[in-house]
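Here is the structure we will look at.
The shown structure was predicted, so the numbers you read here are calculated from the model rather than taken from an experiment.
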Amino acid sequence: MLDARFVRENPELVKKAIAAKGEQADVEEFLQLDERRRKLLQETETLKHRRNIVSKEIGLLKKAGKETGEMMEQMRLSNERMRELDEEIRELNARVEAILLSIPNLPDPDVPVGAQEEDNVEVRRWGEPPKFDFTPKAHWEVGTDLGILDFACAGKITGTRFALYKGDGARLERALINFMLDLHTEKHGYKEIFPPFMVNSQSMQGTGQLPKFAEDAFHVEGTDYWLIPTAEVPVTNMHRDEFLEKDRLPLYYVAYSACFRAEAGAHGRDTRGLIRQHQFNKVELVKFTAPGDSNAELEKLVADAEEVLQLLELPYRVMLMCTGDLGFSAAKKYDLELWMPAYNAYREVSSCSNFRDFQARRAGIRFRSERGSKAEYVHTLNGSGVAIGRTVAAILENYQQPDGSVVIPQILRPYFPASHPGVIRPG
RNA sequence: GGAGAGAUGGCCGAGUCGGUCGAAGGCGGUCGCCUGCUAAGCGAUUAAGUGGGUAAAAGCCUGCUUCGAGGGUUCGAAUCCCUCUCUCUCCGCCA
């Protein structure tokens, strides 16, 4: 959420940002409601000021044994007007807040302006797409033929957009989770968190999923709980409504979690395979930093995620998202995209964003710099480090052999039994 | 699920016959003094949110709100009443 004062003072800038992101939010209505709200606020506060003074006086008079009946009667009357004003202010507050929550974050100045994917900018590429002297199969065929993925069975147990991993497939999934957690904790200095997979609505609002994107998430009926769409939600909310001491920053967290997404707007897209599931695993990186540090921290975050792909020896590219692809809360975002031979295209496995103080303001995550000792909001960043299911898909496609087997990336061998041949074969 | 206790400022912790309590005290922070350095010591200062005024700005002046959340009683509520949430202890149940 943006600062109300900032919106009030820079309405044109905010409107431009809303348009650039392709979002909808009524800044004009905000300005009108806000002005009326402040006018009423002044009126009721004047009345309250008087009440406070008179009440004190009544206390003193009573102590002195004086008559106070008339003053009390007067106060009773002005209380009615206060009640009316407060009621209207409360309504205005709710409407102003609602608009404020619907205004997206401002894009950074160095973010390319654009409406669609084609406007994203490729920053760099790593690795060479493998050359096959046979026609590479799609990962769902590879996995199904090997007997390590079973979509039909998952469909029976649960429904569409779920996957069942078996044998070496399940092992591969688990190996990737452990490999990534180990890398980020041991080499990159992140603290490991294992969060709840359900959160309350306040947490969902803190990171920006609510109120706008309720239909993208699964809600547990009869409760205030939501299945997390990413570990970003519980981990960022760890520090909701807290002050973080300056010398504690930056904070680096890494969390494995299952992620649950309704994919409401994606009917008919990626219906096969592991690319778009209602439930998938992800290792997520989350940072809390001082405001001045978030630019540099985003670059480091991207590098940390890239190292996962490099060690797995999977070809990828880094994309800088244009304003239209930034999403609601981000000020700047890089996507990492893995090469998928069967798609003959790069597909996203990681999204690394700098939210600046947008989430922190919603979630009330503050800190004090030593000097002015004035409270400020921290900056939050996060990125996938990386999505597991899509990585499995990429491994199955990039490491597939002519005979249908799949070579296990070298870095993952220690996560398989010593007796394992290092190749996944049918059976 | 049953019984009880609790929730106060960055942190800890006082505060019930409702009135000068936004809140004692301590810790921590900041500034100054002192000390050969460090440690200790002395003094001052230090809640947040929001509105208005003033200033180029840092800031300064001023109002209102906030003692888990929401509602109520009252001229006046941290203090009284109701509802809810969370935490802790005991019992029961359970992976």
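- For the pair A:E376 CD and B:G10 P, the interatomic distance rounds to 16 Å; values are reported in whole Å.
- If you measure from atom CD of A:E35 to atom P of B:U50, you get 19 Å, rounded to the nearest angstrom.
- Residue A:E73 qualifies as enclosed at atom CD: its count of foreign heavy atoms under 6.0 Å is above 12.
- As rounded to whole Å, 15 Å separates atom C1' of B:G10 from atom NE2 of A:H239.
- Between A:L60 atom CG and B:C21 atom P the separation is 12 Å, expressed in whole Å.
- When the C1' atom is used for both B:A47 and B:C21, the distance is 14 Å, rounded to whole Å.
- Atom pair A:E242:CD and B:A47:C1' shows a separation of 16 Å (rounding to whole Å applied).
- Remark: A:S405 pairs with A:Q401, A:D403, A:V423, A:R425 by the side chain to side chain contact (heavy atoms under 4.5 Å, CB included) rule, at least two apart or across chains.
- Within a 6.0 Å radius of CD in A:E70, other residues, nucleotides and ligands contribute 12 heavy atoms or fewer.
- The separation of B:U66 from B:A78, taken at their C1' atoms, amounts to 11 Å, rounded to a whole angstrom.
- Taking side-chain N and O atoms only, A:R366 has no distance below 4.0 Å to OP1 or OP2 of B:A48.
- Separating the P atom of B:G26 from that of B:C82 is a span of 37 Å, rounded to the nearest Å.
- If you measure from atom NZ of A:K63 to atom C1' of B:U20, you get 8 Å, rounded to the nearest angstrom.
- Contact check, A:R38 against B:U50: no side-chain N or O comes under 4.0 Å of OP1 or OP2.
- The same atom, P, is picked in B:U73 and in B:C81; the two are 15 Å apart, to the nearest Å.
- In A:K16, the NZ atom is not crowded: 12 or fewer heavy atoms of neighbouring residues, nucleotides or ligands sit closer than 6.0 Å.
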- In the 5'-to-3' direction, what one-character label does each nucleotide of nucleotides 62-76 of chain B receive under the scheme B = base within less than 4.0 Å of a protein heavy atom, S = sugar-phosphate only, - = no such atom? -BBS-----S-S-BS

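- B:U8 and B:U79 have their C1' atoms separated by 12 Å, with the value rounded to a whole Å.
- For residues 99-111 of chain A, the set of pairs meeting the salt bridge (charged side-chain N to carboxylate O under 4.0 Å, His left out) definition, not counting sequence neighbours, comprises A:D108-A:R356, A:D110-A:K332.
- Among residues two or more places apart in sequence or in another chain, the side chain to side chain donor-acceptor pair (under 3.5 Å) test is passed with A:N354 by A:S294.
- A cation-pi arrangement, defined by a distance under 6.0 Å to the six-membered ring centre and an angle within 45 degrees of its axis, is absent between A:K191 and A:Y253.
- Spacing between B:A69 and B:U85 at atom P, rounded to whole Å, works out to 15 Å.
- To the nearest angstrom, P of B:G51 lies 16 Å from CG of A:D86.
- Every residue was checked against the salt bridge (charged side-chain N to carboxylate O under 4.0 Å, His left out) condition with A:E221, not counting sequence neighbours, and none meets it.
- B:G10 and B:C88 have their C1' atoms separated by 24 Å, with the value rounded to a whole Å.
- Rounded to the nearest 0.5 Å, atoms CE (A:M340) and CG (A:N398) are 7.5 Å apart.
- When heavy atoms are screened at a 4.0 angstrom cut-off, A:R248 is found touching no nucleic acid atom at all.
- Using atom C1' as the reference point in both B:G15 and B:A77, the two lie 14 Å apart (nearest Å).
- The nearest whole Å value for the distance from the CD atom in A:E97 to the P atom in B:U50 is 11 Å.
- Comparing A:F243 and A:R37, the nucleotide of RNA chain B nearest to each residue sits closer to the 5' end for A:F243.
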- Item | Pairing annotation in dot-bracket form, given for RNA chain B with Watson-Crick or G-U pairs under 3.5 Å and | for cross-strand partners | ((((((((.[[[..)...(.....]]]((((((.......))))))((((((((....)))))))).[[[[[..)....]]]]])))))))....

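- In this structure, A:H184 and A:H188 have tilted ring planes: the angle between them lies in the 30° to 60° band.
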